[in-house]
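The structure appears right after this line, and notes come after that.
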Number of protein chains: 2
Amino acid sequence: MFSKACEYGIRASIYIGQQSASGRRVGLKDIAAEIGSPEAFTAKVLQQLVRAQLVTSVKGPAGGFELTPEQLRTVTLREIVVAIDGGAMLQGCALGLPQCSAKQPCPMHYQFLPIRDQLNELLRTHTIGELASKVHEGLGFLKQFS
Amino acid sequence: MFSKACEYGIRASIYIGQQSASGRRVGLKDIAAEIGSPEAFTAKVLQQLVRAQLVTSVKGPAGGFELTPEQLRTVTLREIVVAIDGGAMLQGCALGLPQCSAKQPCPMHYQFLPIRDQLNELLRTHTIGELASKVHEGLGFLKQFS
DNA sequence: TGCATACCGGACAAATTTGTCCTTTAATTT
DNA sequence: AAATTAAAGGACAAATTTGTCCGGTATGCA
Ligand code: FES
Ligand code: FES
């Protein structure tokens, strides 16, 4: 579905959001440990999100990553996905035709479209802040314990 | 969504199915040309499908690939996808957690599940023969012309 | 039997994704 | 100012996916 980079990016954003909602700024090491991701690779992904202004970073001692109240309220899953994976999965043809269009649709087109639309809707309507509070209430996990 | 290999595999199967329905057996070169895929790579993918007994191949002159009437009737998109990409996309967690389960669900789990279920249903309920006839009637394309 | 055809299979190569390491840059504290 | 902290950035390495090439094998035909 999503690339590893994107999965890490989403999980990281949600964790950062959860901590930001409690007024805590978090460092890379902490993030990687909490979401169970490779540290250096997660750093690269976070750089992308910072450049896209979906996450805020602060250098130096007591620095780290955070979501501003505005980011917490407005940044959606869709923006994260687009920033990392691009729009291919959100607009592309299920069978890989160069264009998904009703002009020359693939044989799955009309069956596939509603599903893809629902996925788009799901990503568009869920903010990081919303998912973060779910995690905060123990209704969702970013890492599994055995 | 699906890997390139899987996309080629589905498109190839549908084209083979369409021709088989008209009693024609088709060669690799023909297939690759008709679905717009790299020939040698498509060969690899078809080998997988033949091994999985989702497509039938015949060697020698006038040989090629075909779908038996039974294959045309019973092979579903889902079987093709599973044979090539495995079950990860059909059962895995949207955020990449090692297990998708209500025990320790990711924060997208309950929103994502119905969409994934619909995708599963879509793949499970569409046979290659069905899609092939759609192409045959000009209602679907396996390659785009400009 | 010999030959031509077309899939099979293995090895190899290119491209992309995933992941690591190390130096530089910016900010805070002493 | 100097030292410390933590993200930024570049180079590099490993793994996976995508794609190519070629000799082997089975089949049909003359
Ligand atoms: S053309 Fe294939 S999904 Fe739209
Ligand atoms: S746990 Fe993430 S989708 Fe089910």
Side-chain angles (χ1 to χ4, degrees), chain A residues 1-13 15-16 19-20 24-33 35-67 81 83-86 88-89 95-96, chain B residues 1-13 15-16 19-20 24-33 35-67 81 83-86 88-89 92 95-96 98:
Chain A
M1 174 81 33
F2 305 120
S3 67
K4 283 289 169 196
C6 195
E7 290 173 358
Y8 297 151
I10 296 174
R11 301 220 302 271
S13 302
Y15 175 65
I16 296 168
Q19 296 301 308
S20 288
R24 279 187 291 274
R25 188 180 287 161
V26 289
L28 176 61
K29 196 162 252 172
D30 187 8
I31 296 170
I35 72 175
S37 68
E39 203 174 308
F41 189 56
T42 306
K44 295 297 182 194
V45 176
L46 284 172
Q47 280 179 43
Q48 288 188 258
L49 297 180
V50 169
R51 273 194 292 266
Q53 307 193 28
L54 304 175
V55 169
T56 303
S57 72
V58 178
K59 286 184 177 181
F65 298 89
E66 65 183 3
L67 293 192
V81 170
I84 300 176
D85 278 356
M89 135 119 344
L95 299 192
Chain B
M1 175 78 36
F2 305 121
S3 68
K4 282 289 169 197
C6 195
E7 290 173 358
Y8 298 151
I10 296 174
R11 301 219 302 271
S13 302
Y15 176 65
I16 297 168
Q19 296 301 308
S20 288
R24 280 188 290 276
R25 188 179 287 162
V26 289
L28 176 60
K29 196 161 251 172
D30 187 8
I31 297 170
I35 71 175
S37 68
E39 202 173 308
F41 189 56
T42 305
K44 294 295 183 196
V45 175
L46 284 173
Q47 280 179 42
Q48 287 187 259
L49 297 180
V50 169
R51 273 195 292 266
Q53 306 193 27
L54 304 175
V55 169
T56 304
S57 72
V58 178
K59 286 185 178 180
F65 297 90
E66 64 183 4
L67 293 193
V81 169
I84 300 176
D85 279 355
M89 134 118 350
L95 300 192

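Below, chain A is the first sequence line, B the second, and so on; all start at residue 1. Everything numeric here is computed off the predicted structure, so don't read it as measured data.
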Check: When the distance from CZ of F41(A) to P of dG10(D) is rounded to whole Å, what number comes out?
Finding: 17 Å
Check: Roughly how many Å is it from CD in E39(A) to P in dA6(D), rounded to a whole number?
Finding: 11 Å
Margin query: Does E39(B), at its CD atom, have more than 12 non-hydrogen atoms belonging to other residues, nucleotides or ligands within less than 6.0 Å?
Written below: yes
Note to self: Using 0.5 Å steps for rounding, measure from the NZ atom of K4(A) to the CG atom of D85(A).
What the structure shows: 12.0 Å
Next item on the list: Would you kindly give the NZ-to-P distance between K4(B) and dT20(D), to the nearest whole Å?
Entry: 13 Å
Notebook entry, point to check: In whole Å, what is the span from the CG atom of L46(A) to the P atom of dA8(D)?
Noted result: 8 Å
Check: Atom CD of Q47(B) and atom P of dT20(D): how far apart are they, to the nearest Å?
Finding: 15 Å
Next item on the list: Could you tell me whether K44(B) contacts a base, only the sugar-phosphate backbone, or nothing, with contacts defined as non-hydrogen atoms closer than 4.0 Å?
Entry: base
Item checked: Interatomic spacing from SG in C6(A) to CE in M1(A) - rounded to 0.5 Å -> 11.0 Å
Note to self: Rounded to whole Å, please give me the gap between CG in L49(A) and P in dA7(D).
What the structure shows: 14 Å
Next item on the list: Quick one: pull up CD in Q48(A) and NZ in K44(A) and give me the separation to the nearest 0.5 Å.
Entry: 10.0 Å
Note to self: Whether S57(A) contacts dA6(D) is assessed here as follows: a side-chain N or O lying under 4.0 Å from the phosphate OP1 or OP2. Is that the case?
What the structure shows: no
Notebook entry, point to check: Got a second to check how far R51(A)'s CZ is from L46(A)'s CG, nearest 0.5 Å?
Noted result: 11.0 Å
Next item on the list: Report the distance from atom CZ of R25(A) to atom P of dT5(D), rounded to the nearest whole Å.
Entry: 17 Å
Next item on the list: Step by step, work out the side-chain contact (heavy atoms from CB on, under 4.5 Å) result for L67(A) and V55(A).
Entry: CA-CA 6 Å; L67(A) 293 192; V55(A) 169; 3.8 Å; yes
Margin query: Quick check: on DNA chain C, is the nucleotide nearest P38(A) upstream (toward 5') of the one nearest R51(B), or the reverse? Name the residue that is more 5'.
Written below: R51(B)
Checklist line | Approximate separation, where rounding is to 0.5 Å, of D30(A) CG and Y15(A) OH | finding: 3.5 Å
Note to self: Would you compute the distance between atom CD1 of I84(B) and atom CG of L49(B) and round it to the nearest 0.5 angstrom?
What the structure shows: 4.5 Å
Checklist line | Contact interval (first through last nucleotide) of DNA chain C with protein chain A, 4.0 Å heavy-atom | finding: dT18(C) to dT28(C)
Sub-3.5 Å pairs of nitrogen or oxygen atoms, protein against nucleotides 26-29 of chain D:
unit_1, atom_1, unit_2, atom_2, d
dA26(D), O4', K59(B), NZ, 3.4

Next item on the list: Given side-chain contact (heavy atoms from CB on, under 4.5 Å), test S13(A) with L54(A) step by step and report yes or no.
Entry: CA-CA 9 Å; S13(A) 302; L54(A) 304 175; over 6 Å; no
